[in-house]
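This structure is in structure tokens; I'll ask about it shortly.
Atoms within each ligand, like the ligands themselves, are counted from 1 in listed order. Along the sequence shown, residues are numbered consecutively beginning with 1.
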Amino acid sequence: MPDERLILQEYDRYISGLFASEDDALKSARAEMQREGMPEINVSASEGKVLHLLARIIGAKRILEIGTLGAYSTIWLARALPPDGKLITLEINPRYAEVARRNLQSAHLSPKVTVKVGPALESLSHLQTAGEAPFDLVFIDADKEGYPKYLQKALPLLREGGLVLADNALPDAVLDPKTDHGIKRFNAELSAHPDLISVLVPVLRSRGIDGLTISAKQKL
Ligand code: SAH
Ligand code: MG
């Protein structure tokens with residue numbers, strides 16, 4: 001039997017070849033991350049396109065991202081913004097944040113994007129008090145144990161009808177009833193949340209299959 005992962009890679013290559021080809025800025029963002037020895041844990045091009053399209057569909061003008069790395073997903077999201085749009089992205093690692101800023105500059109997105117350095121929970125509190133809310137879309141993609149708290153903190157910052165997206169929502173651990181995992185708690189909370197209407201969509205990765213949750217904040 002052929003290696004299942006190789007087949008998944010082929011499917012993903014087919015999808016991104018047609019729908020999510022990378023331009024120079026996206027290619028060089030990945031090359032820069034590699035050169036800096038950063039982990040290759042950015043979203044795939046096809047998932048980047050999903051994020052981009054969802055932001056466009058809701059006409060997002062203000063986007064909040066939790067977990068920047070080298071700004072690969074940030075570039076996909078920020079490109080969905082109108083000329084007066086704004087994206088704030090939160091990153092704990094100052095070295096990663098520097099690489100992200102450089103990549104955003106090369107992509108001519110610096111005027112629209114602010115990289116905020118620090119633990120996301122603290123930055124989320126600052127955003128609340130600084131009057132940065134409301135956001136149209138929140139993308140959660142930082143440390144997985146933190147997801148339930150990020151959801152709790154981000155929801156009040158989101159407008160009604162806005163979207164919460166979360167990456168890496170389908171780790172192997174979801175199938176193991178014995179393990180405790182931040183994502184399992186997150187998915188369970190999401191599915192039961194009275195203010196959200198949600199689904200978990202499988203996405204293809206070079207490592208195998210993963211997931212993206214999509215939630216809309218219900219109008220009251
Ligand atoms: N969204 C990126 C990938 C993010 S990887 C992309 O797809 O291109 C996860 C990032 O979250 C890492 O850069 C890591 O440093 C950051 N991170 C981990 N814990 C964090 C925390 N408590 N606050 C903010 N960022 C955190
Ligand atoms: Mg991720």
Side-chain angles (χ1 to χ4, degrees), residues 12 16 20 22 25-55 63-80 87-104 106-107 109 113-127 137-154 157 163-174 181-183 186-187 200-214:
D12 196 46
S16 50
E22 293 177 323
L26 285 163
K27 281 185 195 142
S28 88
R30 276 198 299 109
E32 199 61 23
M33 287 188 271
Q34 232 170 18
R35 206 170 10 252
E36 295 284 346
M38 290 160 69
E40 290 180 44
I41 52 173
N42 51 274
V43 295
S44 63
S46 54
E47 192 180 348
K49 183 66 178 285
V50 173
L51 302 177
H52 175 91
L53 201 51
L54 287 170
I63 296 177
L64 174 62
E65 178 179 63
I66 307 175
T68 316
L69 194 68
Y72 183 82
S73 55
T74 320
I75 293 174
W76 279 103
L77 280 167
R79 283 179 168 174
L87 187 154
I88 298 177
T89 183
L90 313 180
E91 174 55 53
I92 199 168
N93 184 322
R95 200 170 66 78
Y96 292 177
E98 269 319 302
V99 178
R101 287 191 182 115
R102 272 209 312 275
N103 286 338
L104 289 162
S106 308
L109 288 167
V113 181
T114 302
V115 183
K116 236 172 126 52
V117 180
L121 277 182
E122 284 178 22
S123 299
L124 285 167
S125 300
H126 295 161
L127 291 177
L137 188 156
V138 179
F139 176 47
I140 304 175
D141 193 19
D143 58 301
K144 308 310 159 195
E145 283 305 309
Y147 275 34
K149 281 241 162 76
Y150 298 145
L151 177 67
Q152 211 177 66
K153 282 256 186 191
L157 306 179
L163 298 182
V164 184
L165 311 175
D167 190 34
N168 309 113
L170 205 53
D172 295 344
V174 296
H181 194 290
I183 297 293
F186 175 79
N187 287 339
L200 199 173
V201 181
V203 293
L204 303 174
R205 282 293 166 78
S206 50
R207 294 180 298 281
I209 213 153
D210 204 331
L212 174 75
T213 61
I214 305 175

Within-4.5 Å side-chain heavy-atom neighbours: R30 and E22: yes
Name of the residue among R102, K27, R101 meeting salt bridge (Lys or Arg N to Asp or Glu O under 4.0 Å) with E32: R102
The Mg ion (ligand 2) contact by N168, N, O or S atom under 2.8 Å: yes
Metal site angle (apex the Mg ion (ligand 2)), OD2 from D167 and OD1 from D141, 10 degrees: 100°
Intermediate values then yes/no, side chain to side chain donor-acceptor pair (under 3.5 Å), Y150 and D143: CA-CA 10 Å; Y150 298 145; D143 58 301; 2.5 Å; yes
Every pair of nitrogen or oxygen atoms between ligand 1 and the protein that is under 3.5 angstrom apart - can you list them with their distances to 0.1 Å?
unit_1	atom_1	unit_2	atom_2	d
ligand 1	1 (N)	G67	O	2.8
ligand 1	1 (N)	S73	OG	2.8
ligand 1	1 (N)	D141	OD2	2.8
ligand 1	7 (O)	V43	N	2.8
ligand 1	7 (O)	S73	OG	3.3
ligand 1	7 (O)	D141	OD2	3.3
ligand 1	8 (O)	S73	N	3.1
ligand 1	8 (O)	S73	OG	3.3
ligand 1	13 (O)	L69	N	3.3
ligand 1	13 (O)	E91	OE1	2.7
ligand 1	13 (O)	E91	OE2	3.3
ligand 1	15 (O)	E91	OE2	2.6
ligand 1	19 (N)	D143	OD1	3.2
ligand 1	22 (N)	D143	OD1	3.4
ligand 1	22 (N)	Y150	OH	3.2
ligand 1	23 (N)	A120	N	2.8
ligand 1	25 (N)	I92	N	3.2

Presence of N, O or S from D210 under 2.8 Å of the Mg ion (ligand 2): no
Criterion side chain to side chain contact (heavy atoms under 4.5 Å, CB included) against V138, the qualifying member of L163, I66, I63: I66
Any residue meeting salt bridge (Lys or Arg N to Asp or Glu O under 4.0 Å) with R205, in chain and number order, not counting sequence neighbours: E47, D167, D210
Residues forming a salt bridge (Lys or Arg N to Asp or Glu O under 4.0 Å) with E65, sequence neighbours excluded: none
Set of residues satisfying salt bridge (Lys or Arg N to Asp or Glu O under 4.0 Å) with respect to E122, sequence neighbours excluded: none
